[in-house]
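In this text the structure is predicted, and so the values were computed from the model without any measurement.
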Amino acid sequence: MAHTNAPQPSTIAAQSDRSFFGHPRGLATLFFTEMWERFSYYGMRAILVLFMTTATVDGGLGFTKADAAITYGLYTSLVFLLPVLGGWLADKFLGMQRAVLYGGIVIMIGHILLAMHGVATFYAGLASVVIGTGLLKPNISGIVGQLYSEEDRRRDSGFSIFYMGINLGACSAPLVCGWLAQDPRFRSMLQSWGIDPANSWHFGFGAAAVGMFFGLLQYVITGRHLGNAGRSPAVEPTAEARAKARQTLGIGTAVIVLVIAGLLTWAFNKSEPVTKADVNGVYTWILFGSVGAFFAWLLTSAAWKPLERRRLVVVFVLFLGSCVFWSVFEQAGSTLTFFADERTRNSIFGWSFASSWWQSVNAGLVVLCAPLFAWIWAKLDNFDRSSMIRFAIGIFFVGLGFAILIGGALASEGGERASPGWLFSCYLCHSIGELCLSPVGLSSMTRLAPQRVQGTMLGVWFVSISVGTFLGSQVAGVYEEFTKVNLDTGAPAGGGLADLFKAVAFGALAMTVIMAILARPVAKLIDAKK
């Protein structure tokens with residue numbers, strides 16, 4: 001028998017459980033698991049493009065910025081695309097709790113591979129992190145949603161607290177992994193131990209693996225507090241349901257094998273060696289083709305009731321807004337990292353720090369401000385158009401961040417380094433935007449999605465991040481062109497970074513206007529009862 005939308009026994013019990021800051025004790029388990037998982041992810045992300053663009057003699061891979069941006073874009077896009085599959089597997093076979101456990105193990109293996117030497121282990125490590133994150137990300141958020149009933153007013157604030165755990169990990173990780181990878185003092189220590197200082201990058205990646213280990217250990221020890229939330233697949237594993245799911249899995253696997261075979265045939269028959277730009281072009285077609293096909297299937301399926309179908313339209317609108325937001329926000333690991341490393345004065349009151357430490361600023365600001373925003377959203381819980389309005393506000397602030405950074409780009413022309421205040425102001429705006437949009441996005445998906453497909457619908461949320469990060473990587477891919485200097489005139493040959501930042505800011509602010517206009521009709525769809 002399929003589960004209904006009626007509250008389950010574990011959910012009813014959770015309503016009276018207020019042992020973790022007024023929330024269910026199971027939230028603490030998920031809070032710390034996600035904190036350590038995000039430590040591993042953001043620690044690695046803080047040094048990833050810097051490692052790729054560092055010369056091989058200094059321990060890096062020697063990629064150009066364009067190639068590093070493509071690699072980074074493909075990796076981060078896949079990190080957020082595979083949660084669709086991970087959510088589906090949890091819904092049909094694994095259950096969310098086991099999916100989180102298996103995903104964490106694969107992530108840890110991936111970081112261990114990254115800590116090793118060689119291009120082969122580098123790509124294998126990235127692939128492992130992609131697969132593991134696909135299993136873990138949608139399902140840990142889904143379990144958070146199952147701790148609350150649909151009527152529980154603590155839901156949005158619970159997601160905000162959960163999001164603070166994410167940012168505690170994200171804040172501390174660049175400080176640790178960045179110090180190990182870049183700090184001259186640690187490199188001196190390695191030299192004194194008889195270790196080549198160029199190997200410092202791999203110590204940074206190794207620290208990410210240790211973080212994921214702590215997350216897994218905590219999850220196993222305290223997992224009993226989750227009760228039945230996410231323990232079983234969303235649909236009871238009847239013989240008929242399992243047979244249909246296996247058939248779908250078999251067809252999906254066959255399609256993937258055929259696509260891979262086709263790509264390999266194309267690569268071997270190509271007259272010139274396959275470049276990263278070629279891979280980027282192929283992935284563009286695959287990504288947007290699969291997303292388009294998925295939404296076409298989702299919106300035309302006969303399985304939805306009229307109310308559910310209208311809510312899916314709302315999900316689609318939020319999806320588009322999320323794509324734009326993350327295309328700007330996720331440039332923190334690429335465009336903003338390049339700007340921090342090459343164009344920003346990385347010192348305060350004479351104290352110098354690693355450029356990768358900038359990636360702690362956003363998360364640190366979110367940790368400081370999350371309780372305030374959780375209180376604000378709790379006070380505004382009757383604001384029925386809040387999802388769309390908060391999305392519009394969030395997109396506005398990420399656009400504003402790049403608009404401010406135009407001044408930093410202008411200040412850094414001619415070989416000067418911009419004041420750290422420019423980049424800090426950009427990150428401050430991005431943090432405000434994130435607090436407006438991201439926790440509300442997760443909460444909206446769990447509220448709008450039918451119980452039987454919550455894992456899959458949370459995967460849809462992460463697909464929007466996948467599309468957004470990929471679009472953002474295309475901006476990072478032209479960064480180098482906008483920093484080239486005309487040798488005859490000394491002026492920027494590509495128009496200068498200011499022009500690039502103007503384009504990013506304008507795109508975000510235009511989407512802000514669109515989301516604000518759609519707020520009223522979307523609210524009517526949400527309020528509809530039939």
Side-chain angles (χ1 to χ4, degrees), residues 32-54 56 58-63 68 71-72 74-80 82-83 85-86 94 98-137 139-140 166 169-170 172-183 186-187 189-190 193-221 223 333 354 356 359:
F32 288 109
T33 303
E34 183 74 343
M35 181 190 77
W36 283 113
E37 187 274 331
R38 291 291 87 182
F39 176 96
S40 70
Y41 177 80
Y42 282 101
M44 180 269 286
R45 193 191 76 161
I47 61 177
L48 184 58
V49 296
L50 298 174
F51 170 67
M52 287 190 283
T53 55
T54 295
T56 54
D58 294 321
L61 296 179
F63 288 3
T71 304
Y72 175 82
L74 292 172
Y75 161 68
T76 53
S77 179
L78 286 168
V79 157
F80 292 106
L82 261 66
L85 177 59
L94 300 175
R98 277 187 291 175
V100 168
L101 176 63
Y102 298 160
I105 292 171
V106 177
I107 289 171
M108 183 177 67
I109 292 171
H111 289 302
I112 291 172
L113 289 171
L114 287 170
M116 298 178 180
H117 294 275
V119 175
T121 54
F122 173 76
Y123 285 119
L126 291 183
S128 297
V129 175
V130 164
I131 294 170
T133 306
L135 282 170
L136 186 146
K137 281 299 291 180
N139 295 304
I140 195 168
I166 292 175
S172 57
L175 301 178
V176 176
C177 298
W179 184 80
L180 292 171
Q182 288 186 291
D183 196 279
F186 181 68
R187 293 189 175 191
M189 291 170 60
L190 290 179
W193 298 338
I195 300 173
D196 186 353
N199 293 330
S200 62
W201 297 102
H202 301 287
F203 283 84
F205 291 128
V210 173
M212 191 66 253
F213 170 77
F214 285 138
L216 285 168
L217 184 64
Q218 184 275 150
Y219 182 75
V220 171
I221 292 174
S356 56
Q359 293 191 52

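- Atoms CG and CD1, from Leu126 and Ile131 in turn, are 11.5 Å apart once rounded to the nearest 0.5 Å.
- Taking Thr54 as the reference, Asp58, Trp201 meet the side chain to side chain contact (heavy atoms under 4.5 Å, CB included) condition, with sequence neighbours excluded.
- Looking at Tyr123 and Thr71, their side chains come closer than 4.5 Å, going by heavy atoms from C-beta outward.
- The CD1 atom of Ile221 sits 11.0 Å away from the CG atom of Leu216 when rounded to the nearest 0.5 Å.
- Applying the ring-ring contact (aromatic ring centres under 6.0 Å, His included) rule to Phe213 yields no partners; only residues at least two apart in sequence or on another chain are considered.
- Of all the heavy atoms in Gln182 and Ala354, the pair that sits closest is OE1-CB, 3.4 Å.
- Note that CD1 of Ile105 and CD1 of Ile109 are 7.5 Å apart. Values are rounded to the nearest 0.5 Å.
- Between Phe122 and Phe51, the two ring planes are tilted [angle within 30° to 60°].
- Remark: Thr133 engages Glu37, Arg38, Val79, Ile107, Val129, Lys137 in a side chain to side chain contact (heavy atoms under 4.5 Å, CB included) (not counting sequence neighbours).
- The two residues Ala207 and Val176 make their nearest non-hydrogen contact at CB-CG1, 4.3 Å.
- The minimum heavy-atom distance between Gly43 and Ala173, with the atom names listed, is N-CB, 3.3 Å.
- The ring-ring contact (aromatic ring centres under 6.0 Å, His included) search around Phe186 returns Trp179, Phe203, not counting sequence neighbours.
- Side-chain contact between Asp196 and Leu190 is absent, with no heavy atoms from C-beta onward closer than 4.5 Å.
- Proximity of a side-chain donor or acceptor of Glu34 to a complementary backbone N or O of Ile140 within less than 3.5 Å is not detected.
- At least one side-chain heavy atom of Leu94 sits under 4.5 Å from a side-chain heavy atom of Leu135.
- Residues Phe205 and His111 form no side-chain contact, since every pair of their non-hydrogen atoms from C-beta on lies 4.5 Å or further apart.
- Nearest heavy-atom pair across Leu113 and Ser128 is CD1-OG, 3.8 Å.
- In terms of the ring-ring contact (aromatic ring centres under 6.0 Å, His included) criterion, Tyr42 has no residue partners (sequence neighbours excluded).
- Partners of Thr76 according to the side-chain hydrogen bond (donor to acceptor under 3.5 Å, both in side chains) rule, which considers only residues two or more places apart in sequence or in another chain, do not exist here.
- When all heavy atoms are compared, the tightest approach of Ser200 to Ala181 is OG-O, 2.8 Å.
- For the atom pair CG of Leu114 and CG of Leu48, the computed distance is 8.0 Å after rounding to the nearest 0.5 Å.
- The OH atom of Tyr41 lies 13.5 Å from the SG atom of Cys177; values are rounded to the nearest 0.5 Å.
- The ring-ring contact (aromatic ring centres under 6.0 Å, His included) search around Tyr219 returns none, not counting sequence neighbours.
- When every heavy atom of Ser356 is checked against every heavy atom of Gly178, the shortest pair comes out as OG-CA, 3.2 Å.
- Contacts of Ile112 classified as side chain to side chain contact (heavy atoms under 4.5 Å, CB included), with partners at least two apart in sequence or in another chain: Met108, Met116, Ala209.
- For Ser77, the side chain to side chain contact (heavy atoms under 4.5 Å, CB included) test picks out Tyr283, Leu287, Ser466, Thr469, Phe470, with sequence neighbours left out.
- Qualifying side-chain hydrogen bond (donor to acceptor under 3.5 Å, both in side chains) partners for Arg45, counting only residues two or more places apart in sequence or in other chains: Glu330, Gln359.
- The structure places CG of Asn139 at 12.0 Å from CG of Leu101, a figure rounded to the nearest 0.5 Å.
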